Amino acid sequence: MGIVNLTPDSFSGDGVGASVGLAVAHAHAQFQAGADILDLGAESTRPGAPVVTEEEELARLLPVLREVLAWDVPVSVDTYKPAVMRAALELGCSMINDISGLRHPEALALVSRSDCALCLMHMQGTPGSMQDNPCYQDVVSEVNAGLLEAAERCRAAGVAADRLLLDPGFGFGKTVEHNISLFRGLTVTAAQGYPVLVGVSRKSMLGAITGRPMAQRMPASVAAALLAAQSGAAVLRVHDVAATRDALAVWRAIGFQGEGNV
Ligand code: HH2
């Protein structure tokens, strides 16, 4: 899954701001690099990011989404706002990627009436405050239980199980230690019966491990993506599509022994 941030303020600095032309070119580069899914997001959810209005999010998203939907690639929209979901689904996006795990009742009703895929991500708190003091007794079991609960809520509302993906939400209300524990527990998360999406690309956890600033986290991101795939992740949400694909190709050709998802 190639990340396309239609934002002026994304944490990794890859956001393309207000230029539709630049955004479409960036999306196209992700597509050409071999992304199997494009994930368009028009609000940064980095810790402390300001909430953007529905109007602003739609103004950033829709012109780019219209262009990208004409290409031969599934398009995911990264939003937790029902109005943005509604517009994206009307235009024909294939997937909703909701960092709030579809907490909004209106969002649940909308998605259940459509046939899109749905990524349910775990987040403790909200982007505004989630990194203040994240707290868990046992992060792996609590996150997994929260994900299963969100999946059950969706299924009870009529969303078929095979439309769902689960995501532990690296960096969303988690310390570096929580993130590392969750990463080590990915095989457990992946054994819960739903495909797992992992998004660690360029995140601060990798900065903490390597001591590298944002601009130098590509190798660490590729290593983490590979480890996630080896642990059973089905979808890797990444900034560096070509490099990640190369790593996966080497793994498939040389290192990969069994049945896998990626
Ligand atoms: N991470 C980000 C945004 N959306 N969605 C899922 N499912 N999983 C993630 O880990 C995830 C996500 C944050 O990354 P990015 O979009 O690059 O930055 P920003 O939110 O600052 O635009």
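One-based numbering, in listed order, for ligands and for the atoms of each. All of these numbers come straight from a predicted model, not from anything done at the bench.
- Less than 4.0 angstrom separates some heavy atom of Thr45 from each of these atoms of ligand 1: 3 (C), 19 (P), 20 (O), 21 (O).
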For this session: Show the numbers, then the answer: is there a ring-ring contact (aromatic ring centres under 6.0 Å, His included) between Tyr136 and His178?
Result: CA-CA 8 Å; Tyr136 302 85; His178 293 142; 4.7 Å; yes
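- Where the criterion is an N or O separation shorter than 3.5 Å, residue side chain and backbone included, Gly199 meets it with respect to ligand 1.
- A donor and an acceptor atom, one from each side chain of Thr7 and Asn5, are nowhere located under 3.5 Å apart.
- The shortest N or O to N or O distance between Thr7 and ligand 1 is not under 3.5 Å.
- The proximity of Arg46 to ligand 1, defined as any non-hydrogen pair under 4.0 Å, involves the side chain as well as the backbone.
- Atom CG of Leu148 sits about 6.5 Å away from atom CG of Leu166, to the nearest 0.5 Å.
- Residue, atom and distance of the protein heavy atom nearest to atom 6 (C) of ligand 1 are Asp167 OD2, 3.1 Å.
- Judged by distance alone, the side chains of Lys81 and His104 never bring a donor and an acceptor atom under 3.5 Å apart.
- In this structure, Glu106 CD and Arg86 CZ are separated by 5.5 Å, a value rounded to the nearest 0.5 Å.
- To the nearest 0.5 Å, the span separating CG on Asp98 from CE on Met121 amounts to 8.5 Å.
- Donor-acceptor pairing under 3.5 Å is lacking for the side chains of His239 and Ser221.
- Phe183 and Phe170 have tilted rings, their planes meeting at an angle from 30° to 60° on a 0 to 90° scale.
- In this comparison of Ser44, Gly101, Pro127, Ser201, the heavy atom closest to atom 21 (O) of ligand 1 sits on Ser44.
- Set against the non-hydrogen atoms of Asn5, the atoms of ligand 1 under 4.0 Å away are 15 (P), 16 (O), 17 (O), 18 (O), 22 (O).
- Of the N or O atoms in Asp39, none lie within a sub-3.5 Å distance of an N or O in ligand 1.
- Scanning all protein heavy atoms for the shortest distance to atom 4 (N) of ligand 1 gives Asp78 OD2, 2.8 Å.
- Listed by number with element, the atoms of ligand 1 under 4.0 Å from a non-hydrogen atom of Leu197 are 7 (N).
- For Arg153, the CZ atom counts as densely surrounded, since its 6.0 Å shell holds more than 12 non-hydrogen atoms of other residues, nucleotides or ligands.
- Shortest contact from atom 10 (O) of ligand 1 to any protein heavy atom: Lys203 NZ, 2.7 Å.
- For Val198, no heavy-atom contact with ligand 1 is shorter than 4.0 Å.
- Considering backbone and side-chain N/O of Phe11, one or more are found under 3.5 Å from N/O of ligand 1.
- Considering backbone and side-chain N/O of Arg237, one or more are found under 3.5 Å from N/O of ligand 1.
- Of the N or O atoms in Asn97, one or more lie within a sub-3.5 Å distance of an N or O in ligand 1.
- Taken together through direct or relayed side-chain contacts under 4.5 Å among Ile, Leu, Val, Met, Phe, Trp and Tyr, Leu227 and Val188 form parts of separate hydrophobic clusters.
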Problem set entry | Trace of the side chain to side chain contact (heavy atoms under 4.5 Å, CB included) decision for Ser76 with Leu40 | CA-CA 6 Å; Ser76 157; Leu40 272 54; over 6 Å; no
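- Atom numbering of ligand 1 starts at 1 in the shown order; those under 4.0 Å from a heavy atom of His239 are 17 (O).
- Close contacts between ligand 1 and Ser10 involve ligand atoms 19 (P), 21 (O), 22 (O) [criterion: under 4.0 Å to a heavy atom].
- Heavy atoms of Arg202 stay at 4.0 angstrom or farther from ligand 1.
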